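One structure below.
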Amino acid sequence: MPLDPQKAADFIKEQAPGFMPRVGIVLGSGLGGLADKIDAVASLNFTDIPDFPRSSVEGHQGKLVLGRLGGMPVICMQGRIHLYEGVDPQDLAVPVRVMKLLGVEILLVTNAAGSFHEEVGPGRLMLISDHINFTSRNPLIGENDERFGPRFFSMEDAYDPILREHLKAVAKELSIDLSEGVYLHYPGPNFETPAEIRAFKTLGADAVGMSTTPEVLVARHCGMRVAAISNITNLVAGLSKTALSHEQTLECAKLAANDLEKLVIIFLETLKRELLKAHMKEEADGDN
Ligand code: HPA
């Protein structure tokens, strides 16, 4: 039986009555600390939510936290599920669809990634401008669920240009170096070979990681606006002077974790002001 996002959403609504999140956040490896900054209304283990997929990776706690961050009502995945865990790719559609059913309009995705550019090394952040799905898998393969979106849809401007401009402006205000580039999703669980890295460079990748494209595909299918940020934890295989490992990823994820937290919180604050302005304008226009 496929997992039913409605069942999971109904359960979550019961745990946080009357709470409607506007922004969904997915936290990558070593970035779970941001969830602790949420003024929480409810905090649920993935394993306690019916019809919700579960994570098995160390460093991905597997919690869903609902509450306010930067004043914005959010729902945050502290940890995510990856293709390499061997789950049915269709199950990866569930968390984002649950968010949609709860009212989320904007999805903010974070991940840990290796950088192809020596000048953008560990401790730096990269705004994702586009992606290459190199996994040959996709949570949307199979019968289309018309409740969420159409069979065929565009992935042009999938990473919302306006949200990207907002994030760049906030980063500038906070004096945070934010580069921008293309993220390539490698299936893992091994890190890439140097030959693969050379091939991916010619394909146009700026960073590589093992996540993100499933959530972004599902979010765009159901019409959410998307922004995504890579926390650069290493230079890619062949460029890196240290051996790549999950421990290394978690250790170096700490370098930019603070910058990322500040960036996200201030971004949400400005977004909230923008939404309020738009809402007030709509109301005023309605009165005229
Ligand atoms: N490759 C794949 N996934 C990663 C990397 C990498 O270099 N760094 C962090 N996650």
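The residues of the chain are indexed from 1 along the displayed sequence. Just follow the structure's listing: the first ligand is 1, and inside any ligand the first atom is 1. Here the structure is a predicted model, which means the values were calculated and not measured.
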Identify all N/O pairs between ligand 1 and the protein with a separation under 3.5 Å and present them as a table of atom names and distances.
{"from": "ligand 1", "atom 1": "1 (N)", "to": "E192", "atom 2": "OE1", "distance (Å)": "3.0"}
{"from": "ligand 1", "atom 1": "1 (N)", "to": "E192", "atom 2": "OE2", "distance (Å)": "3.0"}
{"from": "ligand 1", "atom 1": "7 (O)", "to": "N234", "atom 2": "ND2", "distance (Å)": "2.9"}
{"from": "ligand 1", "atom 1": "8 (N)", "to": "G114", "atom 2": "N", "distance (Å)": "3.4"}
{"from": "ligand 1", "atom 1": "8 (N)", "to": "N234", "atom 2": "OD1", "distance (Å)": "2.7"}
{"from": "ligand 1", "atom 1": "10 (N)", "to": "A112", "atom 2": "O", "distance (Å)": "3.4"}

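Under the 30°/60° scheme for interplanar angles, the aromatic rings of F134 and F200 are found to stand perpendicular. Ring planes of Y183 and H185: tilted class, angle from 30 to 60°.
Between R124 and S179, the side chains place no donor N or O within less than 3.5 Å of an acceptor N or O (distance only, hydrogens not considered).
Judged as a ring pair (Phe, Tyr, Trp, His ring centres under 6.0 Å), not a single pair has a partner in residues 161-181 (not counting sequence neighbours). The list of side-chain hydrogen bond (donor to acceptor under 3.5 Å, both in side chains) pairs with a residue in residues 216-225, not counting sequence neighbours, reads R97-H221, N144-H221, D160-R225. Each ring pair (Phe, Tyr, Trp, His ring centres under 6.0 Å) pair with one or both residues in residues 92-130, not counting sequence neighbours, would appear here, but there are none.
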